[in-house]
Amino acid sequence: MSQDIQQDHNRFLKALDGWRRSHNCGRLRAEDNGAEVCLMGWAQHRRDHGGLIFVDLRDRYGLTQVVFSPEAAPEAHAEAHILRSEYVLAVKGRVRPRPEGMTNPAMNTGEIEVLVHEWKLLGTSKTPPFPIEDRTEAGENLRLQWRYLDLRRPRMAKNLELRHTTARAVRNYLDEQGFLEIETPFLTRSTPEGARDFLVPSRLNPGDFYALPQSPQIFKQLLMVAGLDRYFQIARCFRDEDLRADRQPEFTQIDLEMSFVDEERVMELAEGLVARIWEDVLGIKLAPPFARMSYDEAMSRWGVDKPDTRFGMELVDVTAAVRSSAFNLFAKAELVKAMKVEGGESLSRKDIDDYTEFVKIYGAQGLAWIKIRENEWQSPIAKFLSEGERAAIAQALDLRVGDLVFFQAGAADMVNAALGNLRVHLAEKLGLIPEGQFNFLWVTDFPLFEYDAEEQRYVACHHPFTSPRAQDAELLRTTPERAKARAYDLVLNGSEIGGGSIRNHTAEGQRAMFSALGFDAEEAESRFGFLIQALEQGAPPHGGIAFGLDRLTMLLAGAQSIRDVIAFPKTQKASCLMTQAPAGVSAKQLRELGLRLRETEKKA
RNA sequence: GGAGCAGUAGUUAAGUCGGUUAUAACGCCGGCCUGUCACGCCGGAGGCCGAGGGUUCGAGUCCCUUCUGCUCCGCCA
């Protein structure tokens, strides 16, 4: 629509002048018949019959049909011809039942309509860049550019409401459990371990930088030393790493910490919290305790540390069965694993080629397969397998005619990643994942360290404040790779939704950890001296857990992307299409901060 | 840092082997219409085919570069 029409229609704008909403647009029912009401909202659809004009009035609660009739209110009717999509209006009128056979069962308010006797135009609108409806999905770049219009769509508004309900359940539950909600700083110091920090230059201290917190980890531990006992925070966290469908540079954690507890107490509390969320948000009663599995078992059976246990297709280690095979690729491999697809014989050559491409993402060279036919094993590799090897494989996988087996051989990390991810990919393709099921799983006994080949040292799997199991404390000095952590992740349907640990609460334990990470005493002192000091001042045993609120909400809402449960998310390049952030700053601002850009990077 | 997919009217998409004036639906504008509800009917406007370069008699279509969005690998204690 042209600008001219909107400007012309602006002549009709009126002030509220004391008008007050009596109901929202999702509320009126047949029993409200005869009520005098005042509704306000946006014009969703206008159906102008020349005589009667119907308008679906929308707010975040729903739609109500309002009727302008030339007989009932000639003046109101005459002016209603100007109404356009997304105009904002207030109507006063009487609720009446719709005529026989004219009810709309698809609408909550479909049994009634509001016969308007007076109305006001509160706001005009240009024609929206995309329709404000659930059933039409605009491109994501448009939605992000016009985010406030996208959020007008019922599905998006619903997601934000669900997020609110989740946060409310968290606050209520933790309050009842004696937790204090305490804020920790956004402007803090950069810590070398972990993700890349977002840095904030300090004007008052030229050359120095704050870092935005990757998590409130150290502060919440200091709160335990302070004796605050039970802390929680719905905390914004920042990590300057690349984005994914479930990863944003700023995200929200439900972060909590408890004193005088071991793993069991933290997990029990977390189960209660999750159960409360599911009850308040979905009305579903969960039955804790949740299943548990060690990290080693998860990797062995599922190839990933966050298994989706809603379906089978477990991985089977057949390394021993093919150890002396004529097939060199198998015989020489560090690890050979197999995965059976029941009835997979029907997969086409094209399907298998696609899956081969899929596993290459994880560094696989190819994907070996065997179709179990009535009288033969159809496969490019069958000729390499002896009778004994076939028998061993058939038994390990309980093979039947009609099955298909995929194999992956090579370095253990690659084999697990390739088959573990192929398993999920296949299950999605083949429709093997049951709907409406919530499989919670604790994964425990993580390794404390993993070796970083690039840095040539051990790095913490969880974070450097995690405590080793008591029986593994000695291993930190001798064989750190064998030490297990007192850490636990909560996995839901193959997504990690939370993770935590029991921390090192003695300075000695924490020093041993830093030493295993390759920091010398001086380095540990300069980077984490304040924490070590605190641990020397009467620190209680403590531990905690943090849940990703965004990911949790995404799963509760059944959303495909974390962006659908965040009001104003960033794109994959971490920019905001609405505000155009990030953007250049003025020379004056840079001068004040004592910063200078390279010529090629200047924008302003 | 790397791989893949996508970008055509306001929107969503089609566009064959490189060939006339680039289609459709919805939306928008005008007209008609008193029971519609994704109202209906008639008419109309609307295009830098993401951008730049190249090949060609001729490019939405082929090639190169680049930008943007999405998915993934690396990364994310």
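Per chain, numbering begins at 1; letters A, B, ... match sequence-line order.
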Atom pairs, protein N/O to nucleotides 66-73 of chain B N/O, distance under 3.5 Å:
| unit_1 | atom_1 | unit_2 | atom_2 | d |
| --- | --- | --- | --- | --- |
| B/rU68 | OP1 | A/Lys573 | NZ | 3.1 |
| B/rU68 | OP2 | A/Lys573 | NZ | 3.4 |
| B/rG69 | OP1 | A/Thr571 | OG1 | 3.0 |
| B/rG69 | OP1 | A/Ser575 | OG | 3.3 |
| B/rC70 | OP1 | A/Gln572 | N | 3.4 |
| B/rC70 | OP2 | A/Gln572 | N | 2.7 |
| B/rC70 | O3' | A/Arg563 | NH2 | 3.0 |
| B/rU71 | OP1 | A/Arg563 | NH1 | 3.2 |
| B/rU71 | OP1 | A/Arg563 | NH2 | 2.9 |
| B/rU71 | OP2 | A/Arg563 | NH1 | 3.4 |
| B/rU71 | O4 | A/Gln572 | OE1 | 3.3 |
| B/rC72 | OP2 | A/Ala245 | N | 3.0 |
| B/rC73 | OP2 | A/Arg244 | NE | 2.9 |

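- Between A/Asp353 and A/Lys350, none of the side-chain N atoms (NZ, or NE/NH1/NH2) sits under 4.0 Å from a carboxylate O, so this pair counts as no salt bridge.
- In this structure B/rC41 sits in a base pair with B/rG31, meeting the Watson-Crick or G-U test at under 3.5 Å.
- Across the C1' atoms, B/rU61 and B/rC32 are found 43 Å apart, a figure rounded to whole Å.
- In this structure, a donor-acceptor pair under 3.5 Å is absent between the side chains of A/His463 and A/Glu193.
- Nucleic acid contact class of A/Gly139 (heavy atoms, under 4.0 Å, all strands): sugar-phosphate only.
- One atom, CG of A/Asp150, and another, P of B/rU11, lie 14 Å apart when rounded to the nearest Å.
- Pair assignment for B/rU61: none, as no Watson-Crick or G-U wobble contacts are both less than 3.5 Å.
- Atom CD in A/Glu454 sits about 11 Å away from atom C1' in B/rG1, given to the nearest Å.
- One C1' atom belongs to B/rG50, the other to B/rG7, and the distance between them is 6 Å to the nearest Å.
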**Message:** Does the protein touch nucleotides 36-43 of chain B at the base, only the backbone, or not at all? Give it as B, S and - per nucleotide, heavy atoms under 4.0 Å.
**Reply:** BBBB----
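- Rounded to the nearest Å, the gap between the C1' atom of B/rU55 and that of B/rU65 is 15 Å.
- Taking atom CG of residue A/Asp8 and atom C1' of nucleotide B/rG30, one finds them 15 Å apart after rounding to whole Å.
- The distance from atom CZ of A/Arg143 to atom C1' of B/rU12 is 14 Å, rounded to the nearest whole Å.
- Comparing A/Pro97 and A/Pro129 by the nucleotide of RNA chain B whose heavy atom lies nearest to each, the residue mapping closer to the 5' end is A/Pro129.
- Rounding to whole angstrom units, CD of residue A/Gln145 and C1' of B/rG50 are separated by 13 Å.
- Computed from coordinates, the A/Gln44 CD to B/rC26 P distance equals 17 Å when rounded to whole Å.
- For the P atoms, the distance linking B/rG53 with B/rA38 amounts to 48 Å, nearest Å.
- Side-chain atoms of A/Thr103 and A/Glu111 form no donor-acceptor pair, as typed in the model, at a separation below 3.5 Å.
- Within the 4.0 angstrom heavy-atom criterion, no nucleotide atom of any strand lies near A/Ser69.
- A/Ile82 places its CD1 atom 12 Å from the P atom of B/rC29, with the value rounded to the nearest Å.
- Here A/Ile53 lies out of heavy-atom contact (under 4.0 Å) with every strand.
- With respect to A/Asp296 and A/Lys484, a salt bridge is recorded, a charged nitrogen being found less than 4.0 Å from a carboxylate O.
- A salt bridge is defined here as a Lys NZ or Arg NE, NH1 or NH2 lying under 4.0 Å from an Asp or Glu carboxylate O, and A/Arg457 with A/Glu481 fails to meet this definition.
- Taking atom P on both B/rA59 and B/rA51, the two are 15 Å apart, rounded to the nearest angstrom.
- Between A/Glu133 and the options A/Arg152, A/His45, A/Arg155, a side-chain hydrogen bond (donor to acceptor under 3.5 Å, both in side chains) holds for only A/His45.
- For B/rG46 and B/rC64, the P atoms lie 36 Å apart once the distance is rounded to whole Å.
- Under the Watson-Crick or G-U wobble criterion, with both distances below 3.5 Å, B/rU55 has no partner in any strand shown.
- Ring-plane geometry between A/Phe186 and A/Phe238 is classed as perpendicular, the angle between the planes exceeding 60 degrees on a 0 to 90 degree scale with a lower cut at 30.
- Here the separation of B/rG60 from B/rU23, taken at their P atoms, is 13 Å to the nearest Å.
- Contacts of A/Pro70 with the nucleic acid, taken as non-hydrogen atoms under 4.0 Å apart, include base atoms.
- Atom CG in A/Asp354 sits about 14 Å away from atom C1' in B/rC5, given to the nearest Å.
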**Request:** Show your reasoning for whether salt bridge (Lys or Arg N to Asp or Glu O under 4.0 Å) applies to A/Arg58 and A/Glu86.
**Result:** CA-CA 9 Å; A/Arg58 184 195 66 239; A/Glu86 300 308 313; 2.7 Å; yes
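- Taking atom P on both B/rA45 and B/rU8, the two are 23 Å apart, rounded to the nearest angstrom.
- Among the protein residues, A/Arg503 comes within range of no part of the nucleic acid, since none of its heavy atoms lies under 4.0 Å from any strand.
- No cation-pi contact links A/Arg143 to A/Phe130, judged by a cut-off of 6.0 Å to the six-membered ring centre and 45° from its axis.
- The partner of B/rU66 is B/rG50, judged by Watson-Crick or G-U wobble contacts that both fall below 3.5 Å.
- For the 3.5 Å distance criterion, the side chains of A/Ser501 and A/Arg503 qualify, holding a donor opposite an acceptor.
- With no hydrogens or angles considered, a side-chain donor-acceptor pair links A/Thr184 and A/Gln233 at under 3.5 Å.
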